[in-house]
Amino acid sequence: MRVMIERSDEVRELEAASVAELLRVLGFAAEEVLVVRNGLLVTEDESLSPADEVRVLSVISGG
Amino acid sequence: MRCSRCEEKAVFSGPALCAVHLVEHVEQVVRETIDRFGLCSHDDHICVAASGGKDSLTVLSILHDLGYRVEALAVDEGIAGYRERTLADLRSFCQTQGIPLRVVSFVAEVGKPLDELAQGRHPCSVCGVFRRYLLNAHARGYDVVATGHNLDDEAQSVLMNIIKANHGMLLRSHVRTPPAPGFTPRIKPLFFLPERMILAYTLVKGLQVGYVECPHVPLALRAKVRDELNRYASVDQGIKRELVEAALHVAAARPPVLLQVCAVCGEPAAGSVCRACVLRQELVGDAP
């Protein structure tokens with residue numbers, strides 16, 4: 001699936017069966033990010049499929 | 001995952017909340033914080049210290065929606081590629097909502113942008129001193145200054161002051177600062193809201209917040225403390241709340257810090273001359 005990672009401003013092709021697995025693959029703690037799947041905010045237990053477009057948003061911003 | 005309050009699908013976990021109940025929860029926590037600590041009244045003229053990031057837009061949005069009389073005050077430090085983007089979001093939001101906005105800058109008030117001021121020094125320490133100075137100087141006449149400090153910011157500050165053995169600030173946390181001459185009280189309506197929940201709130205509410213991280217953040221101790229705290233919080237969600245509640249408990253029992261009046265500029269100061277005047281003399285070669 002196509003994954004846009006906001007903090008590093010990169011787009012990657014990755015495989016993961018769930019949001020939780022995707023975060024493990026990317027090395028993010030759940031506290032650090034929110035995940036948007038096909039335009040909708042989703043929780044870590046949600047499943048992912050190869051056709052999904054995923055955005056991993058960084059909770060951290062500002063200074 | 002289902003919402004803990006209804007049958008809808010959750011959009012947020014910890015607690016599990018659907019979009020409707022997430023918004024309701026965030027606004028309820030803000031109202032409870034205002035009531036518990038007597039942060040402000042509807043008669044107050046509130047200055048919101050705003051950057052255009054998610055936290056300050058959330059404070060502005062909620063206080064405005066609750067019918068409080070708010071105005072936004074932004075400080076443009078002069079950090080290339082960063083502040084101009086958040087200020088654009090802030091201008092757009094204030095214009096749409098009809099909220100007055102004032103922007104003061106380091107260039108106009110201090111003489112140089114932060115990028116030039118901080119040559120050879122840690123930019124965060126220079127930035128913090130002048131930001132606090134300008135905020136207080138320009139918030140005079142308002143009843144309170146509302147800031148976007150959230151639960152993560154506060155928990156990080158508690159740990160940072162322990163790590164730095166900062167005796168004066170050790171476990172000194174306030175949702176509303178105690179009264180002090182020449183100092184407009186600061187209030188923190190988002191004090192008990194996790195940063196992650198605030199971001200979810202801005203997404204659900206459709207507040208336009210672009211992701212921008214200050215380029216100096218990776219240099220700061222705060223970033224390291226933040227990352228470690230988030231790893232702990234991933235296995236113990238209550239840890240941030242417990243840290244700030246402990247700090248509030250201790251702060252309530254400690255005497256307030258007594259401020260003096262700066263001999264140079266007349267602003268509140270910890271010593272005979274305020275830190276902003278000392279720094280300004282060193283970095284720019286003059287004082288106000």
Side-chain angles (χ1 to χ4, degrees), chain A, chain B residues 1-3 9-14 16-19 22 51-56 77 79 82-83 86 114 123-124 127-128 131 148 150 152-153 194-200 202-204 209-217 220 222-223 226-235 237 239-240:
Chain A
M1 84 199 71
R2 189 168 178 270
V3 181
M4 195 281 278
I5 305 154
E6 185 183 53
R7 192 169 186 197
S8 52
D9 194 22
E10 60 178 329
V11 178
R12 292 170 63 178
E13 282 294 330
L14 293 168
E15 286 183 22
S18 68
V19 172
E21 188 183 333
L22 177 67
L23 297 187
R24 274 196 298 277
V25 168
L26 292 172
F28 285 122
E31 285 281 309
E32 295 173 324
V33 292
L34 289 173
V35 175
V36 174
R37 182 190 61 198
N38 304 326
L40 295 173
L41 199 52
V42 289
T43 51
E44 299 87 75
D45 61 317
E46 286 288 312
S47 59
L48 296 173
S49 68
D52 286 335
E53 286 226 344
V54 176
R55 286 196 301 145
V56 180
L57 307 182
S58 179
V59 168
I60 303 149
S61 66
Chain B
M1 187 184 297
R2 293 283 152 193
C3 176
K9 186 176 267 194
V11 297
F12 187 82
S13 58
L17 294 166
C18 67
L22 172 75
S51 66
K54 65 182 184 312
D55 304 306
S56 59
E77 309 91 341
I79 304 171
Y82 169 60
R83 184 56 77 210
T86 68
L114 180 67
C124 301
C127 184
R131 276 181 63 82
N150 58 49
D152 291 66
D153 297 325
E195 187 165 23
R196 186 167 178 267
M197 187 180 280
I198 295 168
L199 178 61
T202 63
L203 293 172
V204 170
V209 184
Y211 169 76
V212 199
E213 187 175 54
C214 174
H216 301 306
V217 159
R222 183 174 289 277
R226 173 194 70 199
D227 292 344
E228 283 309 309
L229 198 50
N230 278 337
R231 295 201 183 278
Y232 281 118
S234 293
V235 290
Q237 282 208 333
I239 191 170
K240 295 173 187 172

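None of these values were measured; they are calculated from a predicted model. Numbers restart at 1 for each chain; the letters A, B, ... are given by sequence-line order, proteins then strands. Below, each value reflects all heavy atoms present in this structure, side chains not excepted, and no hydrogens, waters or symmetry copies.
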*Asks:* Once rounded to the nearest 0.5 Å, what's the spacing between atom CZ of B/R226 and atom CD of A/E31?
*Replies:*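 B/R226 CZ to A/E31 CD: 12.5 Å, rounded to 0.5 Å.
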
*Asks:* Is A/R37 atom CZ crowded by more than 12 heavy atoms from other residues, nucleotides or ligands, each under 6.0 Å away?
*Replies:* yes

*Asks:* Using non-hydrogen atoms only, which part of B/Q237 is less than 4.5 Å away from chain A: side chain, backbone, both, or neither?
*Replies:*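 Contact with chain A involves the side chain of B/Q237 alone.
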
*Asks:* With only heavy atoms counted, which part of B/S13 is less than 4.5 Å from chain A, the side chain, the backbone, both or neither?
*Replies:* both

*Asks:* Do NZ/NE/NH1/NH2 and the carboxylate oxygens of A/E46 and B/R2 come within less than 4.0 Å?
*Replies:* no

*Asks:* Are the side chains of B/L203 and A/L34 in contact, using a 4.5 Å heavy-atom criterion?
*Replies:*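 A/L34 vs B/L203: side chains touch.
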
*Asks:* Does any N or O in the side chain of A/D45 come within less than 3.5 Å of the main-chain N or O of B/M1, such that one atom is a donor and the other an acceptor?
*Replies:*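 A pair under 3.5 Å: yes.
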
*Asks:* By the definition side chain to side chain contact (heavy atoms under 4.5 Å, CB included), identify the one residue from B/R196, B/E195, B/R231 that meets it with A/E32.
*Replies:* B/R231

*Asks:* Can you give me the closest heavy-atom contact between B/L199 and A/V59, atom names plus distance?
*Replies:*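 Closest heavy-atom pair between B/L199 and A/V59: CD2-CA, 3.8 Å.
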
*Asks:* Just so I understand: if I count every heavy-atom pair under 4.5 Å between each of A/D9, A/V33, A/L40 and chain B, which residue has the most?
*Replies:*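 Option with the top pair count is A/V33.
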
*Asks:* Do A/V42 and B/V11 make a side-chain contact, defined as non-hydrogen atoms from C-beta onward lying under 4.5 Å apart?
*Replies:*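 The answer is no; the side chains never approach within 4.5 Å.
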
*Asks:* Side chain from CB out, backbone as N, CA, C, O: work out which of these in B/S51 comes under 4.5 Å of a heavy atom of chain A, or both, or neither.
*Replies:* neither

*Asks:* Mind checking which of residues 17-29 of chain A sit less than 4.5 Å from chain B, heavy atom to heavy atom?
*Replies:*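 Contacts with chain B: A/G27, A/A29.
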
